[in-house]
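Structure record follows, encoded as structure tokens.
These numbers come from the heavy atoms of this one structure, side chains and all, not from hydrogens, waters or symmetry mates. This structure is a prediction, so every number in the text was calculated from the model and none was measured.
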Amino acid sequence: MATKTAGIATEDFDYLHHGDRALKLRLFRPAGEGPHPVIVDIHGGAWCIGDLTTCEDRDVMLAENGYAAAAIDFRQAEDRYPSSLADINYAVRWVKKNAADLGLDASRVASCGQSSGGHLALLAAMKPDDPRYAEIPLGGGPGESAGIDATVKCVGMLWPVINPLSRYRHALAARASDDPPGWVGDLPERHDTYWVDEETMREGNPVTILEAGEKVLTPPAIWVQGRPDPVHDYRDPDYAGDLNEPERLAALYRAAGGDCDVAYIAQEGRGGPSSVEPLLPFFAMHLG
């Protein structure tokens, strides 16, 4: 399917198959011939629900500002960790492989994600060569995929669930309180479905990876965070420090040699243009 709205061309692709199951990528291309820098966009939903359509408003705004955006579907929920990471890793490589035919610049690829999608975007960028994440062959003729990897130039995160373990315990503690807040909902059950256990939440976790001093890539990153937001901007109940999760991640990331900024916005404007606006100068700096 291909459509065109206000100079933005939109086209859908089946970028990956798992048996009879096709995973879709929706490409938003800006006006002009390109080649355009491209941002692989990863939807949220606590690793269990949602699809690429929830990225549309953000991706239209990115395209209006000169960036191609590739919103993707990926395995989640009962497919469990690390299935999502394998699909995302493949999607980045697919975009690079097909960039010339699509009017994209394979040397200027970034990633972006919202909520659990922000967690997945950063984790995929930190560990593009993890054999579990890179396990799906790109295919093509001899040598056609040589040198194509899943590295990205930078990562934009919108209120990411950056620490699955702390958010799980945070939600359980809130549920056990005398007056459980409505935001808890079924979040613990979604964690249980995707992650299965706390040890896996610890393993697939940028915060604990950085605290352990693992050797990972640290491309420039930005965390856009609404306030007040007890679901994403909270203090880990098992953390001895005095930082909420956004600043904690940023401090760890900087200590590992990366650049990471936190941009705060009003919670009531979250999801609208104000959530994308901090990303624009960030992508301009790192994608040109």
Side-chain angles (χ1 to χ4, degrees), residues 1-4 9-29 38-59 68-104 106 109 111-121 123-125 127-146 148-150 152 161 164 186 189-197 200-201 203-204:
M1 179 189 76
T3 61
K4 199 164 189 177
T10 306
E11 189 170 1
D12 286 354
F13 301 88
D14 290 344
Y15 79 95
L16 179 59
H17 287 82
H18 293 291
D20 294 333
R21 178 181 176 188
L23 295 179
K24 291 196 176 295
L25 178 152
R26 180 163 295 167
L27 181 64
F28 297 79
R29 275 182 295 232
V38 57
I39 300 159
V40 177
D41 199 356
I42 303 163
H43 69 79
W47 307 279
C48 284
I49 63 172
D51 60 32
L52 59 77
T53 62
T54 63
C55 302
E56 182 168 352
D57 289 347
R58 177 168 62 248
D59 293 339
I72 60 170
D73 284 334
F74 48 87
R75 289 173 293 170
Q76 53 185 337
E78 288 83 0
D79 287 308
R80 298 179 177 173
Y81 171 85
S83 63
S84 305
L85 279 304
D87 295 343
I88 293 163
N89 183 292
Y90 182 91
V92 173
R93 289 181 284 131
W94 185 95
V95 164
K96 290 183 178 182
K97 179 182 177 182
N98 293 283
D101 293 335
L102 298 173
L104 309 176
V109 179
S111 62
C112 179
Q114 176 180 318
S115 195
S116 58
H119 158 268
L120 294 170
L123 182 57
K127 304 181 74 172
D129 296 324
D130 186 300
R132 299 164 303 163
Y133 302 172
E135 68 177 7
I136 306 173
L138 191 53
E144 187 177 335
S145 301
I148 299 177
D149 61 28
V152 295
V161 189
D186 65 348
E189 287 71 30
R190 294 193 203 178
H191 281 252
D192 288 336
T193 296
Y194 182 76
W195 293 101
V196 180
D197 56 42
T200 309
M201 296 179 211
E203 187 272 311

Atom pair [atom1]/[atom2] of [X] and [Y] - distance to nearest 0.5 Å:
X: Leu120; Y: Gln76; atom1: CG; atom2: CD; answer: 9.0 Å
X: Ile49; Y: Thr193; atom1: CD1; atom2: OG1; answer: 11.0 Å
X: Asp41; Y: Asp59; atom1: CG; atom2: CG; answer: 4.0 Å
X: Ser83; Y: Ile88; atom1: OG; atom2: CD1; answer: 9.0 Å
X: Glu78; Y: Cys48; atom1: CD; atom2: SG; answer: 6.5 Å

4.5 Å side-chain heavy-atom contact, [X] and [Y]:
X: Tyr81; Y: Met201; value: no
X: Phe13; Y: Asn98; value: no
X: Tyr90; Y: Leu23; value: no
X: His18; Y: Asp87; value: yes
X: Leu123; Y: Tyr133; value: yes

Give the minimum heavy-atom separation between [X] and [Y], together with the two atoms involved.
X: Pro164; Y: Gly204; result: CG-O, 4.1 Å
X: Asp73; Y: Tyr15; result: O-OH, 2.7 Å
X: Ile72; Y: Ala91; result: CD1-CB, 3.9 Å
X: Ile39; Y: Ser111; result: CG2-C, 4.0 Å
X: Tyr194; Y: Leu85; result: OH-CD2, 4.1 Å
X: Ala68; Y: Leu27; result: CB-CD1, 4.4 Å

**OP:** Would you check, one step at a time, whether the test side-chain contact (heavy atoms from CB on, under 4.5 Å) holds for Phe28 with Arg58?
**Re:** CA-CA 10 Å; Phe28 297 79; Arg58 177 168 62 248; over 6 Å; no

Original post:
Is any NZ, NE, NH1 or NH2 atom of the basic residue among Asp12 and Lys24 found under 4.0 Å from an Asp or Glu carboxylate oxygen of the other?
Top reply: no

**OP:** State plainly whether the residues Lys96 and Asp149 are in salt-bridge range, i.e. N to O under 4.0 Å.
**Re:** yes

Original post:
Between the main-chain N or O of Arg29 and the side-chain N or O of Glu11, is there a donor-acceptor pair closer than 3.5 Å?
Top reply: no

Original post:
With no hydrogens and no angle check, is any side-chain donor or acceptor of Ser116 less than 3.5 Å from a backbone partner on Gly45?
Top reply: yes

Subject >> Worked check of side-chain contact (heavy atoms from CB on, under 4.5 Å) between Trp94 and Leu16 >> reply: CA-CA 9 Å; Trp94 185 95; Leu16 179 59; over 6 Å; no

**OP:** Evaluate the side-chain contact (heavy atoms from CB on, under 4.5 Å) criterion for residues Val95 and Leu104: first the C-alpha distance (whole Å), next the side-chain angles of each, then the deciding distance (0.1 Å), finally the verdict.
**Re:** CA-CA 8 Å; Val95 164; Leu104 309 176; 4.1 Å; yes

**OP:** Return the orientation label for the Trp47 and His119 ring planes: parallel under 30°, perpendicular over 60°, tilted otherwise.
**Re:** perpendicular

